[in-house]
S.K.: 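The structure's right below; bear with me while I get my questions together.
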Amino acid sequence: MAFLVSLVRYGYTPLMLIGFNGLAVWLVASGYPLWSVGPLALAAVLLSFLVERIAPYEEEWNEDHHGDTSKDWAHGIVYEFSTLNSLLILPGLTLVVPNLGIWPTHLPLWAQLLVAIVVADAMMTLIHYYSHKVGWMWRLHQVHHGVHRLYGFNGFVRHPLHHTLDLTVGMAPLILAGLPFDVAVLLGFTVVIQLLVQHTNVDVVLGPFGRLLAVGPAHRLHHVHWDGEGDVNFGLYFTVWDQLLGTFRAEAPRAPVAGDIGITGEPRFTQSYLRQLILPFVKQNAGPEPGLRREPREPNGAPAE
């Protein structure tokens, strides 16, 4: 069992980021239908749930202690349908949106995908950053932070309008550049994989890649409710944009544990899917004022050691 735990801790991240993404690229490059990446994404979700039971970062995060499982599944289903619909209308958008024709179609498929990832990561990092700074954006984004535990499915917990904003801003420069449809499908697949790994409840070992990849300890720190201390680490794929923005933080005085996840001042954030849909429009000041960054504190209110 100890060997299996070590295998998961060291192997889960490269298997997901290199193995699954690489297999998706191979399928598309080999002429398999684009829908073939769908079952592959489902296999990644199932694997994520399995390894979280083998080598969990926090045992309690594997349990439904807050009645959130059905809500998370509802978010996940809506998230996938929203992404699918966006991909379906992509060919139509290319007919009406000016195409600058600068996309590097001469590059191999994997290299085109890497270009798309870098551009999308930059745009989505900025959207994420401003979602913590601008009031109306925070009211949509708070749904993603209104969780009380972190596990793979949390990545898909987001208000549909905020997801639409992410897709619109993230894809706009790519569409303008002439993004091919097959690369767009692969980009959507990599986002699913990245969200799974980013929020996974696995005690992963990243080594030196912990300062490059926006997963594991860095993203757990983004979700803490320590007086706005989570106002860091906004990247989806990489930390480079956070390092340029000055918002990267590799670690805190102590590692987050059960009870540390959520929104400051909102210990009972609603776990009803329907209520989360209407919350941004009926509750104007949920959670802390976006952008506050103070020192983390212990439960008794004293500064953390």
Side-chain angles (χ1 to χ4, degrees), residues 52 56-76 79 128-129 131-163 195 198-201 203 216-234 247 249 251-305:
E52 286 177 332
Y57 171 82
E58 185 68 66
E59 289 275 1
E60 187 175 329
W61 289 350
N62 283 338
E63 306 300 328
D64 182 348
H65 293 292
H66 302 276
D68 56 2
T69 301
S70 59
K71 176 266 299 181
D72 291 350
W73 276 96
H75 275 295
Y79 177 94
H128 195 178
Y129 174 82
S131 293
H132 282 243
K133 307 296 180 183
V134 180
W136 69 267
M137 294 175 70
W138 168 251
R139 289 193 290 273
L140 294 173
H141 184 56
Q142 65 180 330
V143 170
H144 179 65
H145 282 270
V147 298
H148 303 293
R149 59 181 175 135
L150 289 182
Y151 72 116
F153 231 53
N154 283 155
F156 310 124
V157 175
R158 54 192 65 225
H159 197 283
L161 292 180
H162 196 275
H163 179 45
L195 289 174
Q198 193 175 55
H199 297 84
T200 189
N201 181 27
D203 190 18
H219 197 70
R220 281 195 289 269
L221 186 56
H222 176 73
H223 277 272
V224 298
H225 57 52
W226 298 334
D227 284 339
E229 192 69 13
D231 199 29
V232 295
N233 302 340
F234 298 101
T247 56
R249 188 168 183 182
E251 57 186 15
R254 63 179 177 86
V257 295
D260 289 332
I261 304 302
I263 300 176
T264 306
E266 290 286 332
R268 295 180 178 84
F269 193 88
T270 179
Q271 296 303 301
S272 164
Y273 178 73
L274 293 179
R275 289 178 182 174
Q276 288 191 353
L277 290 185
I278 65 174
L279 182 63
F281 310 104
V282 299
K283 191 175 184 180
Q284 296 301 307
N285 294 302
E289 183 69 19
L292 289 180
R293 296 183 64 186
R294 298 189 291 271
E295 291 304 313
R297 293 181 175 272
E298 298 293 354
N300 62 5
E305 296 296 329

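We use all heavy atoms of the structure for the numbers below, so side chains are in, but hydrogens, waters and symmetry mates are not.
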S.K.: Just distance, no hydrogens or angles: give the donor-acceptor pairs under 3.5 Å from side chains in residues 151-161, sequence neighbours left out.
M.R.:
{"residue": "Y151", "atom": "OH", "partner": "D72", "partner atom": "OD2", "Å": "2.6"}
{"residue": "N154", "atom": "OD1", "partner": "Y151", "partner atom": "N", "Å": "3.0"}
{"residue": "R158", "atom": "NE", "partner": "G155", "partner atom": "O", "Å": "3.1"}
{"residue": "R158", "atom": "NH1", "partner": "D166", "partner atom": "OD2", "Å": "3.1"}
{"residue": "R158", "atom": "NH2", "partner": "G155", "partner atom": "O", "Å": "3.0"}
{"residue": "H159", "atom": "ND1", "partner": "L161", "partner atom": "N", "Å": "3.1"}
{"residue": "H159", "atom": "NE2", "partner": "L277", "partner atom": "O", "Å": "2.8"}

S.K.: For residues H141 and H128, establish whether the separation of their ring centroids is below 6.0 Å.
M.R.: yes
S.K.: Tell me whether D68 is salt-bridged to R149, with the criterion being a basic N under 4.0 Å from an acidic carboxylate O.
M.R.: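 Answer for the salt bridge query: yes.
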S.K.: Can you list the residues that meet the side chain to side chain donor-acceptor pair (under 3.5 Å) rule with H75, with sequence neighbours excluded?
M.R.: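 Only Q276 meet the side chain to side chain donor-acceptor pair (under 3.5 Å) criterion with H75.
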S.K.: H222 and H199: side chain to side chain donor-acceptor pair (under 3.5 Å), yes or no, with the steps?
M.R.: CA-CA 10 Å; H222 176 73; H199 297 84; over 6 Å; no
S.K.: Check whether any side-chain N or O of Q271 sits under 3.5 Å from a backbone N or O of F269 as a donor-acceptor pair, and report yes or no.
M.R.: yes
S.K.: How about P217 and Y57: do any of their side-chain heavy atoms sit closer than 4.5 Å?
M.R.: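 No, side chains not in contact.
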S.K.: Please check this pair: side chain of H223 against backbone of I263, looking for a donor-acceptor N/O pair closer than 3.5 Å.
M.R.: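 Flag not set: sc H223 to bb I263 has no pair under 3.5 Å.
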S.K.: How far does CD1 of I261 sit from NE2 of H148, to the nearest 0.5 angstrom?
M.R.: 11.0 Å
S.K.: Heavy atoms, side chains only, cut-off 4.5 Å: are L279 and Q142 in contact?
M.R.: yes
S.K.: If every non-hydrogen atom of D260 is compared with every non-hydrogen atom of A255, which pair is closest and at what distance?
M.R.: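 D260 and A255 have their closest heavy atoms at OD2-O, 4.3 Å.
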S.K.: Is it true that the NZ or CZ of R139 lies under 6.0 Å from the centre of F281's six-membered ring and within 45 degrees of the ring axis?
M.R.: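 Because its charged atom misses either the 6.0 Å distance or the 45° angle limit, R139 does not stack over F281.
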S.K.: Decide yes or no on side chain to side chain contact (heavy atoms under 4.5 Å, CB included) for F234 and H219, but give the supporting numbers first.
M.R.: CA-CA 8 Å; F234 298 101; H219 197 70; over 6 Å; no
S.K.: Determine whether R220 and L150 satisfy the following criterion, side chain to side chain contact (heavy atoms under 4.5 Å, CB included), listing intermediate values before the conclusion.
M.R.: CA-CA 8 Å; R220 281 195 289 269; L150 289 182; 3.7 Å; yes
S.K.: With a 3.5 Å distance limit and no angle check, can you tell me whether T247 reaches the backbone of V232 through a side-chain donor-acceptor pair?
M.R.: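 Not confirmed, T247 side chain does not pair with V232 backbone.
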S.K.: How long is the gap from CD on E59 to CG on N201, to the nearest 0.5 Å?
M.R.: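 CG of N201 is found 8.0 Å from CD of E59.
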S.K.: Do L221 and W226 make a side-chain contact, defined as non-hydrogen atoms from C-beta onward lying under 4.5 Å apart?
M.R.: yes
S.K.: Looking only at heavy atoms, what is the nearest atom pair of E60 and A258, with distance?
M.R.: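 Scanning both residues, the minimum pair turns out to be OE1-CB, 3.5 Å.
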S.K.: Please tell me if the side chains of P280 and W136 come closer than 4.5 Å, counting only heavy atoms from C-beta onward.
M.R.: no
S.K.: Decide yes or no for K71 and R275: does some side-chain heavy atom of the first lie under 4.5 Å from some side-chain heavy atom of the second?
M.R.: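 Side chain of K71 against side chain of R275, heavy atoms only: no contact under 4.5 Å found.
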S.K.: Any side-chain heavy atom of V257 within less than 4.5 Å of one from E58?
M.R.: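 The answer is yes; the side chains approach within 4.5 Å.
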S.K.: Check the side chains of H163 and H144 for a donor-acceptor pair under 3.5 angstrom, ignoring hydrogens and angles.
M.R.: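 Per modelled atom types, H144 and H163 side chains form no pair under 3.5 Å.
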S.K.: Between S131 and H162, is a side chain to side chain contact (heavy atoms under 4.5 Å, CB included) present by the stated rule, with each step listed?
M.R.: CA-CA 9 Å; S131 293; H162 196 275; 2.7 Å; yes
S.K.: Please report the interatomic distance OG1(T200) to CH2(W61), rounded to the nearest 0.5 Å.
M.R.: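 Those atoms lie 10.5 Å apart.
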